[in-house]
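When a ligand or atom number is given, it counts from 1 through the structure's own listing order. Side-chain atoms are counted along with the backbone in the values below, which use heavy atoms only and exclude waters and symmetry mates. This structure is a prediction, so every number in the text was calculated from the model and none was measured.
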Amino acid sequence: MVPTALSILVVAPLLCSIGLALPASDSSVPTTPQPAAYIPTAFYVGTSPVLGGLTNYSGRSFSLTETSPLVTLDYAAEVGGFPFFEVSSISGPSQIEVKYTEAFDGLNQPFADGPWTFSNGLANTFRTETFNITEPGIYSSFFNQGGLRWQAVRLLTNGEIQFSAVGLRPSVEIYPVDSLPGSFSASKQDYSGVWGLGARTVQAACVEAGSQPSTWEVTDQGMLIRGQQPAQSVNGTSFSNYTMSFSTKILRGGTGWRVAAGLGGGYGPYFVLTSDYDNESAFVNTNRTLMPPNSLIFGYGWSIVNQTTLTTGPTQTFAIPMRISEDEWYEISTEISASGFNVSVDGQPAAFILIDEAITWATPVFGSSSPTAGTWGFGPFQDQIAYFRDVTVVAENGTRLYTNDLMSNSTLDEYGINTNKHSVCLDGPKRDRLIWTGDFAHTLRTVLASTNRTDFIQGFFQNTFEWQLDAGPGAGLVATDAPMGASSAYKEGYFPSFYPFVDYQIFVLDVVGQYYWYSGDIAILRDYWSNITKLAAAVLAEVDPVTSLAGGGAGDFYFLAQGYFNATAPSALLHLSLQRLAGVATALNDSSAAALYSSTASNLSVAINARLWSDSIGTYSNALLDPNNYTLAAAAFPILAGIANTSQATSAISKLSILFHSIGYKDSSAVPSTNLTQLSPNIQGFLLESLFVAHLNLDVAADVVVPVITNLLDVFWPKMLNQNQYYTGATWEYLYPDGSPGIGLYTSLSHPWGSAPTYVLSSYVLGVRPLEPGYKTWVFEPVLMLELGLQWAEGRVPTPYGTIEARWEIADGNVRMTVKGPSGTSGVCRLRGGKAREVNKRDADDDVHEVVVIGGERITVVFDT
Ligand SMILES: *[C@@H]1O[C@H](CO)[C@@H](O)[C@H](O)[C@H]1NC(C)=O
Ligand SMILES: *[C@@H]1O[C@H](CO)[C@@H](O)[C@H](O)[C@H]1NC(C)=O
Ligand SMILES: *[C@@H]1O[C@H](CO)[C@@H](O)[C@H](O)[C@H]1NC(C)=O
Ligand SMILES: *[C@@H]1O[C@H](CO)[C@@H](O)[C@H](O)[C@H]1NC(C)=O
Ligand SMILES: *[C@@H]1O[C@H](CO)[C@@H](O)[C@H](O)[C@H]1NC(C)=O
Ligand SMILES: *[C@@H]1O[C@H](CO)[C@@H](O)[C@H](O)[C@H]1NC(C)=O
Ligand SMILES: *[C@@H]1O[C@H](CO)[C@@H](O)[C@H](O)[C@H]1NC(C)=O
Ligand SMILES: *[C@@H]1O[C@H](CO)[C@@H](O)[C@H](O)[C@H]1NC(C)=O
Ligand SMILES: *[C@@H]1O[C@H](CO)[C@@H](O)[C@H](O)[C@H]1NC(C)=O
Ligand SMILES: *[C@@H]1O[C@H](CO)[C@@H](O)[C@H](O)[C@H]1NC(C)=O
Ligand SMILES: *[C@@H]1O[C@H](CO)[C@@H](O)[C@H](O)[C@H]1NC(C)=O
C-alpha cells in the first residue's frame, strides 16, 4: 500500500463516541467527561475566513462548493490533536486545503501562523495541509496539530463536498476550567477570567508520556518522512567538510535534507529536490514559484520561507539536468567543499551552490559555527512525502565516518524524533514544544493552583535529571531546553547548545524548593537528592569568588539580566533558591548541605545589597557592569528573596513607573520604548507576586504597590482575555504595546510562562497559603481587596490532604470570611489590621486577631477593618 497523507481511520465513526466519557485513570483527574474529540463550537461557510457572525456548530453537516468553497471553524479556545474529517459525499475526486492557527488572522496567510522552523516538536511543523479526497469516508491527518483555536477548510477543486463531521482527536487533555480541583472567581470578572487563562494553558501545554508520537515512520523500505522541519542526527555535530549520501524515493512532490547543520531546528543549509509532478501527483495549490518541478531549492538558515522574526536566507532555485520521477529510488550526495555545496543525483552533477554572501549574511545563532561544519538531517517540505535510506558520510580524506540504513527504531533516538517518554510541560503547545526548565517556575505553581496534575511535576524531575551531565565540563548541569523527541542517552551531544542559560539552571533549584513547600513531598526529592546536590554544586561553582555574586561562565543570564554577569536578579534568585533548598536539606537530614546553602545564601544577600543597590538611581542596578540600568527582575527577585528592606522595596517599586510602556512593563531601562517593544508576561509574573510579598512581608504601602498591581491585573493580562481576534483562553508569550501578540502570528498564545496570575490570585487575593510544607498548616488571609476595588472572591485550593474552600466578601463595611480545610490540617483565618467581631455568628472576644480553623470544620469569621 502506498501511504498518503490521509489514512482512513479503522475505528468506528468518531461521531458515535463524541460526548462519551473516557475512563479517568488517575485519581487526581476530575471525573468530568473528556470529549473523545474536540469539535468546533461555531462555523461559517462562505468565500473567505470570517471572525464574526459564525453559527453554532454541533456536529451538523455542511457542504463546500465552487461558490462557497471555504468553511471557518472556531474551537472557541485552545485545543490540540489530530484533525479528522468525515466526508459523507463528493461529486468527484477533490482536494481540500486546511489551515490551523491560534490568532484568527493566520487563516488569511499562505502558511497560516506557521511554519515552525525553530524546532521539530513531534507535531506538524506546517499549519497548512492539503488532503486528497477520492471517496466518502473518514480522513485523518497523520500529524498532530499541537495547539490552535481556528481552522479553515477550502475546497480547491470543482464540484461539491459534504462533511458530516470535523474535529480533532485529542493529543492533550483539556477539561473545562470550572471542573478543575482548583478554582478562583472574584467580583471583578477579568480577575476570574485571567485565572482561567493560566488553568487552560497548563492543560494545553502539558503532554502525557506517549501522547506525542514520532513524526517519522520506520518501515522496511527505510524511513518514511512527510513534509516537516528536518530533524538532525546528534552523531554528526563535530563533523565538517564531508560528503553525505543517501537514497530517497519521492511519493509526492519532493524530498528534503540538510548538511552542515545545527541540532534542533537545524539552522544551516537546507535542500529540497522536487519531482517532475507527473501524473497529477502534486496538489493543485502547490506554489510552483516557490517549488517548481524538477528543481533543487536551496535556503540557508531556518527554512526556505520567512516566519516573522525568524527570518531565513534568500532562496536559490536550480533547474536540474535530469528527470526526477516519483516512486523511484535515487541516490543523492552532497559534498561540502570550501567553495560550496556540490549536489549530485545518481552520480551526475545536479547543482552547485556557492558559499558566498548569500550564505554568510546569516548569523549562525543556534546553528553550527560555519557553513562547512555541523551535522545532517532529513525533512521534505510541506505536503511532500519521501522515503530515505542508506545514509553514508565520508570525510574529505575518504574515511567513512557514518552509515545508517534508517530502518531501525534506534534511529529515532539518534535524530531526536522519538515519541515522548515522559509527561512534561512544553513552553507552548503550538511551538517550540521544547521542555524549557526555567519556564517551569511559573508552570509548577499554576499546576498546583489549578489542575493539581502532579504527574507533570514528576515528569519534570524525571526528564530534567535524566538530562543531567555526569562528567565533563558541564558535569552536574541539566539541559535547559531538551527537545521532547530527543533521548538523554545522547545528552553529551546536546551540550553545550541545549545547556545555555545559567538562570534556567537556578530555576530548577527554585522549582525543587517551591515544590517541597507546596507539596511536602519529601519522598521524590529524596530520590533525586544526589542529582539536586550535584546541580547545586555546579551552580555554586559559578558564584564569583571576588564578588560573591552569581557569576557565570558555563552559560549566561539571558532572561534575568539581559546577558550580564554579576547581576542582581540571578543572584537574588540563587539566594531564594538556596534558602528553600536548605529547608529541603534539613528535612532530609543533610546538615552539611543545609549549612552550605544557608551560608552561601547569606553571602549573596550581603553582596547584592553592598554592591548592587544604587542610591543614585534609587533601585538595584542590573549588574556590576551595567550600573545605571535597572530591570523588572532586579526589582522583583530581591523582594521575593527577602533581601530588600522596606525602604529599598518601596523605592524600587516606585521606580518601575519609568519602565511602564503603554500597557505593561518593559524588562529593562535599556530596552527602548517603541511600538514593537516586547512586553514579557514571564518577567511581569515574577513582579506581580513580589508586589503582594512587598505589602505582606515588608509593609510596603498599598498606594505604592496597588497602581502597579492594577496595571498588571486590570490592564495588561486582560488583553489576553478581551480581544476575540487573538483570544485562545490561554496566556501568551509576549505582547506588543498595542496589546496584540508580541511576535506577530508567531507568538505562542498558550504559554505557561505567562500564567503567574493564576497562582498569585489564589495565594494573595483569595489568600490561601501554606504555613508549613504541604499545607499541613495554612493561612487564609486575603490582602489589598479594598484597594483593588473587590467586593468578594472565592475559590478552591488543592492540597495533598484535599481541598481548601474559601470565600470572603465585604458586607456592611466588614469582611466576612468562610473557610473549610481538609482533615489532618489546620489553618488560621486572619485579616491584616482587622479584629474578629463574630465567629460562626457568635460575638468574638475582645482583641481576637486570628481564628484557628480545624480541618474538616467550616468556619465563618467577620472582621472589622
Ligand atoms: C489523489 O488520489 C488519486 C487516486 O488515488 C491519485 O491518482 C492522485 O495522484 C492523488 N493526488 C495527490 C496529490 O496525492
Ligand atoms: C509563491 O511563492 C512565491 C515565492 O516564495 C511567493 O512570492 C508567492 O507569494 C507565493 N504565492 C502564494 C499564492 O503563496
Ligand atoms: C527573509 O527576510 C530577509 C530579511 O528581510 C531577506 O533578506 C530574505 O531574503 C528573506 N528570505 C526569504 C526566503 O524570503
Ligand atoms: C573545513 O573547510 C574549511 C574551508 O576550507 C576550513 O576553513 C576548515 O578549517 C575545514 N575544517 C576542518 C575541521 O578541517
Ligand atoms: C580522516 O578524517 C577523519 C575526520 O576528519 C579523521 O578522524 C581521520 O583521522 C582521518 N584519517 C586519516 C587517515 O587521516
Ligand atoms: C550514533 O552514536 C551512538 C553513540 O556513540 C552509537 O551507538 C550509534 O551506533 C551511532 N549511530 C550510527 C548510525 O552510527
Ligand atoms: C519499532 O517500534 C514500533 C512502534 O513502537 C514497533 O511496533 C516495532 O515492532 C518496532 N520494531 C522493531 C524492529 O523493534
Ligand atoms: C541523576 O538521576 C538519574 C536517575 O534519575 C541517574 O541515573 C543519574 O546518574 C543521576 N545523575 C547524576 C549526575 O547524578
Ligand atoms: C564578576 O565580577 C568580577 C569582579 O569584577 C570579575 O572578576 C568576574 O570576571 C565577573 N564575572 C564574569 C562572569 O564576568
Ligand atoms: C543601559 O544599557 C544600554 C544597553 O546595554 C546602554 O547602551 C546604556 O548606556 C545603558 N544606560 C545607562 C544609563 O547606563
Ligand atoms: C492533589 O494531588 C495530590 C498528589 O497526587 C493528591 O494527593 C491530592 O489528593 C490532590 N488534591 C486534590 C484536592 O485533588
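- Counting heavy atoms under 4.0 Å from ligand 6, residue V234 does not touch it at all.
- By the 4.5 Å heavy-atom criterion applied to side chains, L560 and F507 are counted as neighbours.
- Within the listing of ligand 6, atoms 13 (C) sit less than 4.0 angstrom from a heavy atom of T403.
- Heavy-atom contacts of Y402 reach the following atoms of ligand 6: 12 (C), 13 (C), 14 (O) (cutoff under 4.0 Å).
- E217 and R226 are joined by a salt bridge, as a carboxylate oxygen and a charged side-chain nitrogen come within less than 4.0 angstrom of each other.
- Residues in residues 611-620 take part in no salt bridge (charged side-chain N to carboxylate O under 4.0 Å, His left out) pair, two or more places apart or across chains.
- A donor-acceptor contact shorter than 3.5 Å links the side chain of S571 to the backbone of A567.
- Residue N235 approaches ligand 6 through these ligand atoms, each under 4.0 Å from one of its heavy atoms: 1 (C), 2 (O), 3 (C), 8 (C), 10 (C), 11 (N), 12 (C), 14 (O).
- Taking a cut-off of under 4.0 Å to the non-hydrogen atoms of A338, the atoms of ligand 4 that pass are 4 (C), 5 (O).
- Heavy-atom contacts of N404 reach the following atoms of ligand 6: 13 (C) (cutoff under 4.0 Å).
- Checking N629 against Q562 by side-chain atom types alone, no donor-acceptor pair falls below 3.5 Å.
- At least one N or O atom of N241, backbone or side chain, sits closer than 3.5 Å to an N or O atom of ligand 4.
- Look at T411 and you'll find every heavy atom at least 4.0 Å from all atoms of ligand 6.
- Judged as a ring pair (Phe, Tyr, Trp, His ring centres under 6.0 Å), the pairs with a partner in residues 466-488 (not counting sequence neighbours) are, in order, W467-Y494.
- Every atom of ligand 4 is numbered from 1 in the order shown, and the set under 4.0 Å from a heavy atom of S240 is 11 (N), 12 (C), 13 (C).
- A donor-acceptor contact closer than 3.5 angstrom links the side chains of S488 and E466.
- Partners of E689 by salt bridge (charged side-chain N to carboxylate O under 4.0 Å, His left out), not counting sequence neighbours, listed by chain and number: R445.
- T372 and S240 are not linked by any side-chain donor-acceptor pair at a separation below 3.5 angstrom, with hydrogens and angles left out of the test.
- Residues lining ligand 10 at a heavy-atom distance below 4.0 Å are given as Y564, D626, N628, N629, A670, ordered by chain and residue number.
- For the pair W753 (side chain) and E733 (backbone), a donor-acceptor distance under 3.5 Å is present.
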